[in-house]
Amino acid sequence: MRASFHHELEALETALQEEGELVLRVLRSALNALARGDDELADEVVSFDDEIDGRYLSIEAGVQSLLARQTPVASDLRLVLAVLRINLHLERIGDYCVTVAKLTKLMGGLDVSDDAILGSLEDMGQRCEQMIRVALDAFATRDVAKARSLQELDELIDRANRRAIEDVLSLGGSPQEREHGLRMLVVSRCVERIGDHAVDIGEQIAYL
C-alpha cells in the first residue's frame, strides 16, 4: 500500500514539473507576443490556457484521490498539500499569461512608441522565468536556501515594475497614449504578480 502511495506521489510531482515547463513556455510566448505585437502568437497563448487548466485539474484530482484513499500523515501529508498549493500557483501564472496575451491583442490598433516600457517588461519577464525555474528546481531538490533566494529575485522585479510605471507616466497625454499606458500598467501588474506566485511556491518548499 505504501509503495503504491509513493509511486502515485512521484507521478504527481512529475506532472507538476511538466505543468511548470508548460507554464514557462506560455510565459515566454506571451512576452514575445507583447514585444512583437504578434496577435497570432497571442492567440496561441490563449489557446494553451485549456491545456494548463486540464493539467491543473488532473493533478488536483490525483491529490484528492490520495487524500481520500491513503490518509497520509506527517511529511507525506505536507508534500501532498504542497503539491496541491503549487499546482494552484502554476495555474494562476498561466491565467496572468493569458491576460497579457489578450491585452497584447487590444493594443494592436494603438500607434504608440513604447520601447522603454517594453524593455522594462522584458526585464521583468526574464526575471520571472528565472524565478519559476529556481522554484521548480528547489522543489525537486527540496533546496530551502534556493527557495529563500526567490525573495531577493522578487525585489528586482518590483524595481523593474516601478520603472515601468514611471515610463508609462511619461508617455504623454493623448487619448491613445493614455489608453496604451493603462493597458501596459495592467501588463506590468500581471508580470509582477507572476513573480509573487513564484515566491509563494518557494514558501511551500520552506513549509515542506
Side-chain angles (χ1 to χ4, degrees), residues 16 19-37 42 45 49 52 82 85-104 106-107 110 112-141 143-172 177-208:
L16 195 68
E19 182 185 12
E21 289 299 322
L22 177 61
V23 165
L24 278 167
R25 176 182 171 189
V26 171
L27 173 57
R28 175 39 49 195
S29 294
L31 294 169
N32 286 341
L34 178 70
R36 303 170 190 165
V45 171
D49 191 43
I52 293 174
R85 292 162 181 164
I86 293 171
N87 185 41
L88 177 60
H89 289 306
L90 290 175
E91 190 272 339
R92 292 283 169 80
I93 290 173
D95 287 343
Y96 282 118
C97 292
V98 169
T99 300
V100 171
K102 289 180 177 179
L103 286 167
T104 295
L106 289 174
M107 285 185 282
L110 299 174
V112 178
S113 177
D114 60 354
D115 289 344
I117 301 172
L118 287 174
S120 293
L121 291 173
E122 176 61 24
D123 180 39
M124 290 173 66
Q126 288 179 354
R127 295 187 188 282
C128 281
E129 289 179 82
Q130 178 189 5
M131 288 179 69
I132 294 169
R133 292 191 185 282
V134 168
L136 292 172
D137 185 58
F139 178 61
T141 58
D143 189 331
V144 178
K146 186 174 287 187
R148 287 176 177 158
S149 73
L150 291 166
Q151 290 281 0
E152 296 177 7
L153 293 173
D154 191 48
E155 283 295 322
L156 298 175
I157 290 181
D158 290 342
R159 291 177 200 168
N161 184 42
R162 288 191 288 271
R163 287 198 302 273
I165 292 172
E166 292 169 359
D167 291 336
V168 166
L169 293 176
S170 65
L171 266 179
E177 287 169 329
R178 287 198 299 269
E179 183 178 354
H180 182 86
L182 286 172
R183 290 175 179 170
M184 279 301 199
L185 284 176
V186 177
V187 169
S188 183
R189 176 58 176 163
C190 286
V191 178
E192 189 266 339
R193 285 295 296 141
I194 288 172
D196 289 343
H197 278 288
V199 172
D200 290 339
I201 293 173
E203 290 176 355
Q204 291 306 309
I205 297 158
Y207 165 76
L208 263 179

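Please read these numbers as outputs of a predicted model, since none were measured by experiment.
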Heavy-atom count check: over 12 atoms from other residues, nucleotides or ligands less than 6.0 Å from Gln126 CD? yes
Determine whether Val191 and Asn161 make a side-chain contact, defined as any pair of heavy atoms from C-beta on separated by less than 4.5 Å. no
Nearest atoms (heavy-atom pairs only) where Ala135 meets Ala198: CB-O, 4.0 Å
Given Val98, which partner from the list Val26, Asp49, Ile52 fulfils the side chain to side chain contact (heavy atoms under 4.5 Å, CB included) test? Asp49
Stepwise side chain to side chain contact (heavy atoms under 4.5 Å, CB included) test for Ser188 and Ile117: CA-CA 9 Å; Ser188 183; Ile117 301 172; over 6 Å; no
In this structure, CG of Leu27 is separated from CD1 of Ile132 (nearest 0.5 Å) by 5.0 Å
Sub-4.5 Å side-chain heavy-atom contact between Arg127 and Asp123: yes
Go through Glu192 and Arg189 one step at a time and tell me if the salt bridge (charged side-chain N to carboxylate O under 4.0 Å, His left out) criterion holds. CA-CA 5 Å; Glu192 189 266 339; Arg189 176 58 176 163; 2.5 Å; yes
In Å, rounded to the nearest 0.5 Å, how long is the span from CE of Met184 to OG1 of Thr104? 7.5 Å
Once rounded to the nearest 0.5 Å, what's the spacing between atom CG of Asp137 and atom NZ of Lys146? 3.5 Å
Here the gap from His180 atom NE2 to Leu106 atom CG, rounded to the nearest 0.5 Å, amounts to 12.0 Å
Between Ile201 and Leu90, does a side chain to side chain contact (heavy atoms under 4.5 Å, CB included) hold up when you go through it step by step? CA-CA 9 Å; Ile201 293 173; Leu90 290 175; 4.1 Å; yes
Could you grab the distance from atom SG of Cys128 to atom CG of Asp154, nearest 0.5 Å is fine? 8.0 Å
Which heavy atom of Leu31 sits nearest a heavy atom of Gly125, and at what distance? CD1-CA, 3.4 Å
Using salt bridge (charged side-chain N to carboxylate O under 4.0 Å, His left out), reason through Asp158 and Arg162 one step at a time and then give a plain yes or no. CA-CA 6 Å; Asp158 290 342; Arg162 288 191 288 271; 5.4 Å; no
Quick one: closest heavy-atom pair of Ala42 and Ala33, and the distance? N-CB, 3.7 Å
Is the closest basic N to carboxylate O distance between Arg133 and Glu129 below 4.0 Å? no
Please walk me through it: do Ile205 and Asp143 pass side chain to side chain contact (heavy atoms under 4.5 Å, CB included)? CA-CA 8 Å; Ile205 297 158; Asp143 189 331; over 6 Å; no
Closest non-hydrogen contact found for Gly195 with Met131 is O-CE, 3.3 Å
Answer yes or no: is there a side-chain heavy-atom contact under 4.5 Å between Val45 and Val100? no
Nearest-0.5 Å distance, CG of residue Asp196 to CZ of residue Arg92: 13.0 Å
From CA spacing to verdict: side chain to side chain contact (heavy atoms under 4.5 Å, CB included), His197, Leu88: CA-CA 9 Å; His197 278 288; Leu88 177 60; over 6 Å; no
Considering all heavy atoms, the nearest Gly202-Ala147 contact: O-CB, 3.7 Å
Evaluate salt bridge (charged side-chain N to carboxylate O under 4.0 Å, His left out) for Glu91 paired with Arg85, printing each intermediate quantity in order. CA-CA 10 Å; Glu91 190 272 339; Arg85 292 162 181 164; over 6 Å; no
Should we say atom CZ of Arg148 is surrounded by more than 12 heavy atoms from elsewhere, each under 6.0 Å from it? no
Tell me whether Arg193 at atom CZ has more than 12 heavy atoms from other residues, nucleotides or ligands lying less than 6.0 Å away. yes
Closest heavy-atom pair and its distance - Leu103, Arg183: CD1-O, 4.0 Å
For residues Leu156 and Glu152, determine if any side-chain heavy atom of one lies less than 4.5 Å from a side-chain heavy atom of the other. no
